[in-house]
Structure formats: structure tokens, C-alpha cells
Amino acid sequence: MEISRYLIKGGRVIDPETGVDGLFDILIEDGKIASIENPQSAIQNPKSKIIDATGKLVTPGLIDMHTHLREPGHEYKETIETGCLAAAHGGFATICCMANTDPVNDNQSVTDYILKKARMAETVRVYPVGAISRGLRGENLADYGELKAAGVVAVSDDGNPVMNAQLMRRALEYAKGFGLLVIAHCEDRNLTANGVMNEGITATRLGLPGIPNAGETVMVARDIALCELTRASLHIAHVSAEGSVRLIREAKARGLPLTAETAPHYFSLTEEAVINYDTNARVHPPLRTAKDRDAIRLALADGTIDVIASDHAPHSSIEKDLEFEQAANGMIGLETSLPLSLQLVEMGLMKLNDLVARMSINPARILNLAHIGLKPGNPADLTIIDLKKRFTVDANAFQSKSRNTPFNGRELKGRAVLTMVGGKIVFDEARE
Amino acid sequence: MKFAKKDILDVESLSVEEIQTILDTAETLKEISTRPIKKVPTLRGKTVIHFFYEPSTRTRTSFEVAAKRLSADTVSISASTSSIAKGETLVDTARNLEAMNPDAIVLRHPAAGAPHMLARLIQASVINAGDGMHAHPTQALLDMMTVREKKGRLAGLRIALIGDIAHSRVARSNIVGFIKMGAKVILAGPPTMIPMGIDALGGLVRYHVQEATRDADVVMVLRIQKERQEAFLFPSEREYAQCYGLTEEKLAGAKEDVLIMHPGPINRGIEIAPEVADGPYSVILEQVANGVAVRMALLYLLLGGR
């Protein structure tokens with residue numbers, strides 16, 4: 001029988017939910033957090049297995065609220081099982097998966113299927129995101145009542161914008177009745193047109209069709225106006241542009257129920273990653289300029305952007321080993337998200353406690369999850385991080401089925417060494 | 001000088017010395033095309049594959065003629081008659097062609113960067129014959145050759161480029177090339193067709209054609225693609241011809257001995273008035289003649305020493 005009692009000893013515990021930051025021991029019993037004690041009080045429990053976290057950081061289980069698991073439909077890129085393994089290895093205890101599978105997650109049977117596969121994978125918690133519109137076609141609302149009952153935590157047409165403003169208005173209003181969050185993929189398809197990278201000097205030099213910042217900000221502005229009209233909870237996905245940050249900051253100052261996320265590539269890279277036509281750097285929204293990157297970093301530090309989410313988007317060589325203009329958008333991120341985010345702390349751009357909040361309790365609050373933080377009685381979801389560990393990103397060693405990352409070969413510092421979900425160790429570096 | 005390049009992918013990656021070597025070599029080889037027997041044995045036993053994913057008359061014929069005048073064996077593939085029509089990827093096609101041991105592949109492709117991708121995959125020399133909106137280095141080289149031949153120099157000249165800069169690989173390569181060789185480049189066209197950040201390449205942007213042609217030594221007119229009208233880039237061909245088409249009137253401020261150039265194919269009466277295209281300053285057909293010489297020079301420099 002699996003040991004159900006653990007004592008995590010000697011780690012620096014940071015829980016932005018309870019305000020805890022210091023050296024504590026955590027006792028875990030029956031999958032739940034039993035107590036958090038000063039090391040001096042020396043929890044006596046001879047039956048528990050000791051996990052030595054000396055010199056490491058212990059945080060609430062990290063949450064990635066934006067991933068694409070590709071199942072059902074594109075299992076050659078990723079399955080729920082491999083996606084969950086990648087998440088666990090990246091330090092995530094909980095992930096949300098977007099609805100753009102095939103078939104689309106716009107009904108109960110697809111949601112059921114995802115949840116069943118996730119249970120079978122027995123790794124991390126998976127919360128499906130349902131579609132805003134049936135088939136992601138932007139024509140009719142999906143059945144939110146049925147989706148909510150089946151277990152979705154939010155709705156999003158991510159991958160596609162909702163171009164019809166009236167439909168978006170109704171989605172916000174209708175979702176409000178079920179307490180469902182609406183996650184907006186902000187893109188004006190008329191403006192982004194056939195663009196494949198950020199519009200500007202680099203696109204001009206490379207002769208690639210550009211995507212202007214306005215392709216995002218026009219839609220962010222529209223959706224903020226609709227949020228104001230409906231007073232429904234709106235979450236802006238993958239913010240990449242300086243202008244979007246400005247709009248979100250202003251809207252939040254006015255007290256709108258608005259939240260936002262960005263992905264590690266938007267604060268780690270610029271459009272210059274595309275030089276040499278590297279299709280792994282093709283992503284939507286596109287990598288922008290240093291000015292945008294700096295604005296994203298500031299917005300993360302000051303809380304304008306609430307969440308870091310990977311937008312993990314697996315693609316195989318079939319979609320990526322192509323001419324740049326023909327390649328698919330997206331990069332994987334579950335196994336690099338935390339180390340890339342920790343660079344912000346390393347560079348002195350963000351406080352460690354804030355970073356932990358952006359990757360754990362903030363998404364939990366936004367998604368309205370039942371148990372938040374490392375409180376006694378909560379399921380024992382936690383991540384142990386070695387901040388000093390240096391390593392080189394090796395895509396071939398990833399758990400994900402796909403290899404599409406522009407970060408391969410990059411030297412990084414700090415990564416998860418253990419992930420626990422409901423008192424069960426789903427990743428332990430020492431056992432690898 | 002020793003010419004050490006494997007591929008000709010764009011003008012950015014050519015040094016001033018390399019450009020000079022190419023132009024000097026082209027001038028020497030140009031004479032071959034005027035002989036009664038227009039063939040030398042230089043590249044006998046070499047295989048050149050002309051691989052055109054996009055329609056082309058001028059460039060393709062020019063490359064074929066150039067290779068044949070140097071006695072290379074040539075094979076020609078177009079997208080419609082090849083495995084691309086059956087869904088083969090560029091990577092797979094490249095590997096298959098490589099297995100046949102060609103010495104050079106001349107690639108025209110609708111996607112920017114496709115020749116760069118090919119060059120990374122294969123041992124043979126790759127010559128970019130136009131990739132998407134990115135680059136058309138052999139066109140820029142033949143344009144520079146034509147101007148140098150007529151003016152005796154490139155440095156210090158004023159070169160005006162008129163029209164759809166945004167979608168033109170010819171414009172990009174010429175801007176980079178002429179600036180590299182010390183000329184001044186002035187761009188003009190509707191703002192919808194001036195790409196963001198183009199000034200970073202060194203070109204000066206003007207919205208009125210007359211401003212760009214003033215004191216110009218060379219006026220190069222770019223082809224307008226009619227399908228651009230649908231993307232709201234200009235209201236109508238009539239309006240375009242009136243505001244941006246090169247007429248004698250709009251040329252009034254240019255130098256006395258101005259050269260009129262166009263990479264072809266021409267839309268007569270739209271981007272260029274017939275009397276300008278056919279007028280005394282036009283060197284459009286000399287551009288075509290020099291195209292053969294430049295392409296011979298490139299094949300010779302890339303394959304001749306191997």
C-alpha cells in the first residue's frame with residue numbers, strides 16, 4: 001500500500017493565500033494537509049515518510065490554466081496522459097485544457113471523455129474548458145448549463161476569436177448565470193489576416209506577412225467594453241502587446257471583473273527569435289518587440305497581469321517542419337514554464353512570492369476552485385522547487401509527445417523537483 | 001578574389017566585395033551571349049535543377065539559358081507537374097532531389113525563407129530565384145549591373161523605387177543592395193504599400209512620386225498586383241495610375257539622363273505609362289539581357305571552382 005503520510009521537512013514554504021513565508025514542516029495525512037508547523041515543534045509521526053526539502057521551496061501546487069492537450073482528435077501531438085505527465089514534470093498539480101480538440105469540447109460527452117482519460121492518467125488534476133460557441137464556429141452559444149454540470153470551469157473559443165460582438169456579449173451574460181468564467185482569445189481576424197509574425201522591422205526584413213499589435217488590442221478594447229456592459233467575469237488569454245496591458249490596467253482601475261494572463265514566451269523572447277525562419281518561434285499571438293516584452297514584465301510585477309499560463313500547444317514535425325508561412329502556430333510550455341518564469345525573479349524583475357501567486361493561487365481564485373493554498377484540510381497539492389538547480393533545456397527528454405519549443409538548448413536555473421497531487425507524488429526528480 | 005559562398009539566398013548575406021565580384025564576372029561573361037556560338041564548356045558535367053513553385057517566364061528562362069550557355073545539364077520542375085501537387089513537403093522533395101546529386105538547385109517559392117530551409121538541408125548550392133515577399137537577389141544583382149554599366153558607378157546615385165514596396169521581394173533586395181553599394185534609395189507609394197520599419201533598412205520614404213523622382217538617377221517602377229485591390233490597399237487601378245503610375249509628367253524633376261527600370265512583367269498604363277516604358281530612358285530590356293549574364297556569373301562562381 002502506498003504511504004499516505006508524508007512529512008515535508010525543512011523547506012521554505014511560500015503560500016500567498018495564507019501569507020506564510022518561512023521555514024515550516026508540512027504533515028500530510030490521507031491525501032490532505034494535516035498541519036503546518038515550525039520545525040522546532042518537531043512533528044512526531046513515526047509512520048510518515050520524510051521528504052527532505054531543506055534548501056528548497058515548497059509552494060501550493062502550481063496551476064496552468066491554459067494548455068492544449070490535443071485529445072480527443074490529435075493524439076499524435078499529445079494525449080491527456082502525456083500532457084499530464086509533462087505538467088507533473090513541470091511542477092503543475094492542476095491544468096486546464098482548451099476546447100479546440102476534435103471533436104470540440106462543446107458538449108457533455110467530450111467533457112466526460114476528457115475527465116475519464118484524466119482520471120485514468122492518475123497524474124495531475126485536469127479541469128476542461130468548454131467552448132464559447134458550438135464547434136468554435138462563432139455562430140451559436142454552446143450549452144453552458146450542460147457543460148458546467150459535466151465539469152468545465154470556464155468557456156473559451158481559444159485558437160479562434162469570437163468575431164461577432166453580439167455573440168460575445170451574450171456569451172458573457174449567459175455564462176454569468178452559471179458562474180462560468182469566459183476566457184477571451186483576443187484577435188481581430190480582419191487585422192491579423194494572413195500574418196505569420198509580429199508586424200515591424202523584422203517581418204519587413206524577412207518578407208513575412210505581419211500581425212500588428214492592433215490585431216490584439218482592438219479586441220481587448222472591445223471585450224473590456226463588453227465586460228463593462230455585462231459585468232460578467234472576463235479573463236484575457238495570452239496577453240502579448242503593450243497596448244493590451246494599458247487597456248487592462250485602466251479597466252482594472254475602474255473595478256471591472258477582469259483578469260489576464262500571459263505566457264512565458266511573451267516575457268522571455270522577442271520577434272527576433274523568428275530570424276532564420278525558426279518555425280518553433282511561430283506562435284499566436286506572435287512574439288513582439290522588446291518594448292512589448294518589457295511592458296508584459298512590468299504588468300506581471302505590478303499585478304495588472306494576474307496569471308502566467310503556458311499556452312502549451314503541442315505540434316509534431318508534420319506541422320512544424322515546413323516553410324514558415326505554412327507552419328502551425330504554437331509552442332509547448334508545460335516543462336519550461338516555471339524555469340522561464342523564475343528567471344524574472346532571478347533578474348530582479350519580480351518578487352518570488354508574487355511569482356508563486358501568479359502560478360498558483362491567482363488562477364485558483366479566477367477559476368473559483370474549491371480549495372486554495374496550503375491550509376490544513378485542503379487536498380495536499382504542492383510543488384517543491386529547487387531554485388538553484390542549473391540545467392539545459394533538452395526537448396528530447398520531455399514527457400510531452402511534441403518537441404516544438406524555441407527554448408531547446410537554453411541554460412536555465414530553477415525547476416520543480418517534486419509535484420504532489422492529493423497527497424500522491426506524481427513527479428519526483430529523485431526517482432527519475 | 002576567392003568566392004567562398006555555398007548559396008545565394010539574399011542580398012543581406014552578400015558583402016560589398018562579393019557583389020563587386022559577381023558584377024565584374026557578369027560583365028566578363030556577358031560577351032558570350034553575343035557570339036554566334038553562345039556556349040562555353042565551363043560547367044560541363046554539372047547538373048542544375050530549376051525548381052519553380054510559382055509561375056515565371058523571365059526568371060526561369062533566364063536561369064535556363066544561363067546554365068546552358070555554360071554547358072551545365074539542366075532539369076526543370078514546376079509545382080504543377082511535380083510531387084508537390086501530390087502533397088509532398090519541401091523537406092521531402094529536397095531530400096529526394098539531393099539523392100540525385102545535383103550541383104545547384106535554383107528555387108522559386110511562394111514562402112519566404114524556403115530557400116534558406118533548403119540550403120540547410122542539402123549539400124548542393126541553392127540559388128534563390130524569389131521567395132515570397134522576402135528576397136530576389138538575382139534580380140537585384142542584375143539591376144545593379146545595369147545601373148553600374150550605364151552610370152559607371154553605384155555609389156552616390158539617387159535610386160527611386162515606386163509602388164508596392166510592402167509585397168515586393170524585388171524592392172527589398174534592391175533597397176538592401178543599392179544601399180550596401182553606397183547609393184541613396186528613396187521609396188514612394190501609397191502608405192498602404194509601405195511596410196512598417198522599412199526605414200530601418202535605410203530607405204527614405206516619400207508619399208508623392210514627384211518627390212521621390214526629383215533629381216533621381218534611376219527610377220525603378222514596381223509591379224502592382226491586381227489582387228491587392230481586394231485587400232483594400234488601393235481603391236482602383238484608375239486611381240492608382242493617376243496618383244502613383246509613372247508618367248512623363250511625374251518624371252519631370254528627375255536627372256536628364258535618368259534610367260527607367262521595371263522588373264517585369266509590366267502592367268502597361270497602370271504602374272507605368274507606355275510612353276515611359278518604351279521611351280528613350282527605359283533600360284527594361286537591357287535588364288533582361290543582363291539577367292542572363294548575372295545568372296551565368298553566379299553559376300560560374302558557385303560551381304566553377306568545385
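Only this structure's heavy atoms are used, side chains among them; waters, hydrogens and symmetry mates stay out. Lettering of chains follows the sequences in order, A, B, ..., and the numbering in each one begins at 1.
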Measure distances from Gln326(A) to the heavy atoms of chain B and classify the residue's part below 4.5 Å as side chain, backbone, both or neither. side chain
Any side-chain heavy-atom pair from Pro406(A) and Met331(A) closer than 4.5 angstrom? yes
Under 4.5 Å, heavy atom to heavy atom, which residues of residues 114-122 of chain B contact chain A? Ala114(B), His116(B), Met117(B), Arg120(B)
Does a donor on one side chain and an acceptor on the other come within less than 3.5 Å for Glu319(A) and Ser316(A)? yes
Gap separating the SG atom of Cys186(A) from the CE atom of Met168(A), nearest 0.5 angstrom: 6.5 Å
Return yes if some donor-acceptor pair links the side-chain N/O of Asp292(A) with the main-chain N/O of Glu242(A) below 3.5 Å, else return no. yes
Between Asp7(B) and Ile127(B), is any pair of side-chain heavy atoms under 4.5 Å apart? no
Charged N to carboxylate O below 4.0 Å: is that the case for Glu75(A) and Lys77(A)? no
Run the side-chain donor-acceptor check on residues 184-203 of chain B: report pairs under 3.5 Å with partners two or more places apart or on a different chain.
from, atom 1, to, atom 2, distance (Å)
Thr192(B), OG1, Leu233(B), O, 2.6

Contacts with chain A made by residues 170-181 of chain B (heavy-atom distance under 4.5 Å), listed by residue number: Arg172(B)
So, using side chain to side chain donor-acceptor pair (under 3.5 Å) as the criterion, who are the partners of Arg297(A) when residues are at least two apart? none
Pair Glu78(A) + Lys401(A): basic N to acidic O under 4.0 Å: no
Give, as side chain, backbone, both or neither, the part of Pro209(A) having an atom under 4.5 angstrom from any heavy atom of chain B. both
Please rank Leu90(B), Asp131(B), Thr89(B), Asp10(B) by heavy-atom pairs under 4.5 Å with chain A and give me the top one. Leu90(B)
So for His167(B), is it side chain, backbone, both, or neither that comes closer than 4.5 Å to the heavy atoms of chain A? neither
What do you reckon, are the aromatic ring centroids of His312(A) and His68(A) less than 6.0 Å apart? no
Would you say the side chain of Glu272(A) lies within less than 4.5 Å of the side chain of Leu287(A), judging by non-hydrogen atoms? no
